[in-house]
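The structure appears right after this line, and notes come after that.
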Amino acid sequence: MLRYLALNAGKGPGPRLFVGGGLVAPSKNTLTSDPFFLGEEDIVVDHRHFSMSEGLHKAIFEAQFFIKRTQTPVFSGGTLLIEEPLRKNEYGFKGSRLIDLSFTAFTRQIKPLKGSLSGTLMVRHTGKAYWNGKEAPNSESTLLIPGVGILWNLKFAAVMLNIQRPIFLKGSFSGEAYLDEETNAWQVSLSMRKILDYTIPWLYW
């Protein structure tokens, strides 16, 4: 993944714009056959339903735009991420296009909390996927993911606690379209960021 800083207001208030692109290379931990037996209802062979990779080469496009201000929200903006499968894999799987659109805003530091509050809103859409030219059940989905968090700027690093609540607007949690299911999920993440006091001399001219 490569990113280019197209706009940079520097240390103070102003806009920041990143654009980037990249390539996803698959691992070998992927499904090697159609797990839904599309067109083969009467044939059941040894198979598995779990994989760590889709087994696909993908192109990535990314854009990030943020504005820093002196008043609340002191930092706000959004990101757009698109992942596009380049071709189907050797097992006949053609994956979904993924589109992520997210918005984020931070308040000024709130003294009783000794930190800043954040709000996020993400819309994630995955398109249809196919096995050997036939649509994979329930592969298309749209999620709305609101979230809140708190950011502490500590002496050793910046630490953030974030809570998100995925809401399915279309599709469901599993890939089994015929299941009568309900999903009630929460996501909790704890992250730490530290800027290293080091520069690479030959990158500056």
Side-chain angles (χ1 to χ4, degrees), residues 1-27 29-30 51-69 73-89 93-107 116 118-130 139-149 151 153 157-171 185 187-196 198-200 202-205:
M1 185 77 180
L2 296 176
R3 292 186 179 96
Y4 176 70
L5 181 56
L7 289 176
N8 185 17
K11 188 176 182 179
R16 280 91 172 155
L17 172 63
F18 293 85
V19 291
L23 181 69
V24 174
S27 78
N29 294 306
T30 185
S51 64
M52 298 186 69
S53 170
E54 289 187 301
L56 298 168
H57 287 87
K58 297 181 180 182
I60 301 175
F61 169 77
E62 180 191 61
Q64 302 181 29
F65 181 73
F66 293 95
I67 296 178
K68 187 175 182 181
R69 301 167 4 115
V74 294
F75 196 73
S76 62
T79 65
L80 172 65
L81 175 70
I82 300 174
E83 287 188 4
E84 179 69 29
L86 298 179
R87 61 181 182 273
K88 67 180 181 180
N89 65 18
F93 178 66
K94 185 178 186 299
S96 304
R97 173 187 294 165
L98 170 67
I99 301 176
D100 272 351
L101 180 62
S102 64
F103 302 93
T104 303
F106 285 86
T107 68
S116 302
S118 71
T120 61
L121 182 64
M122 176 186 293
V123 179
R124 170 172 293 179
H125 177 75
T126 56
K128 295 179 180 179
Y130 298 87
S139 56
E140 188 175 22
S141 66
T142 303
L143 280 77
L144 180 67
I145 311 175
V148 294
L151 174 68
N153 284 307
V159 177
M160 184 170 185
L161 175 66
N162 195 51
I163 301 174
Q164 293 180 316
R165 172 73 165 90
I167 302 169
F168 282 88
L169 302 180
K170 182 177 182 180
Q187 296 176 183
V188 180
S189 63
L190 181 66
S191 60
M192 183 180 73
R193 184 185 65 189
K194 181 176 178 61
I195 299 176
L196 301 177
Y198 177 76
T199 59
I200 302 175
W202 56 268
L203 286 179
Y204 294 84
W205 61 85

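Computation of the quantities below employed the complete heavy-atom set of this structure, encompassing side-chain atoms and omitting hydrogens, waters and symmetry-equivalent molecules.
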Enter the distance from [X]:[atom1] to [Y]:[atom2] here, rounded to the nearest 0.5 Å.
X      : Y      : atom1 : atom2 : result
Glu62  : Leu81  : CD    : CG    : 6.0 Å
Thr126 : Glu140 : OG1   : CD    : 7.0 Å
Leu151 : Met160 : CG    : CE    : 6.0 Å

How close do [X] and [Y] get, counting heavy atoms only, and between which atoms?
X      : Y      : value
Phe93  : Leu56  : O-CD2, 3.4 Å
Leu5   : Leu7   : CD1-O, 3.2 Å
Lys128 : Ser139 : CA-OG, 3.5 Å
Asn89  : Gly55  : CB-O, 3.0 Å
Ala185 : Pro166 : O-CD, 3.4 Å
Thr107 : Val74  : O-CG2, 3.4 Å

Worksheet item: Got a donor-acceptor contact below 3.5 angstrom from the His125 side chain to the Ser141 backbone?
Response: yes
Worksheet item: Quick check: does any side chain N or O of Arg87 sit under 3.5 Å from a backbone N or O of Pro85, one acting as donor and the other as acceptor?
Response: no
Worksheet item: Side chains of Ser53 and Thr30: is there a donor and an acceptor less than 3.5 Å apart?
Response: no
Worksheet item: Looking at Lys58, Lys94, Arg97, which one forms a salt bridge (charged side-chain N to carboxylate O under 4.0 Å, His left out) with Glu84?
Response: Arg97
Worksheet item: Can you name the one residue among Phe103, Phe106, Phe75 that meets ring-ring contact (aromatic ring centres under 6.0 Å, His included) with Phe66?
Response: Phe75
Practice prompt. For atom CE of Met1, decide whether the heavy atoms of other residues, nucleotides or ligands shown that lie under 6.0 angstrom number more than 12.
Written response: yes
Worksheet item: If we only count heavy atoms from C-beta on, is the Leu23 to Leu86 side-chain gap below 4.5 Å?
Response: yes
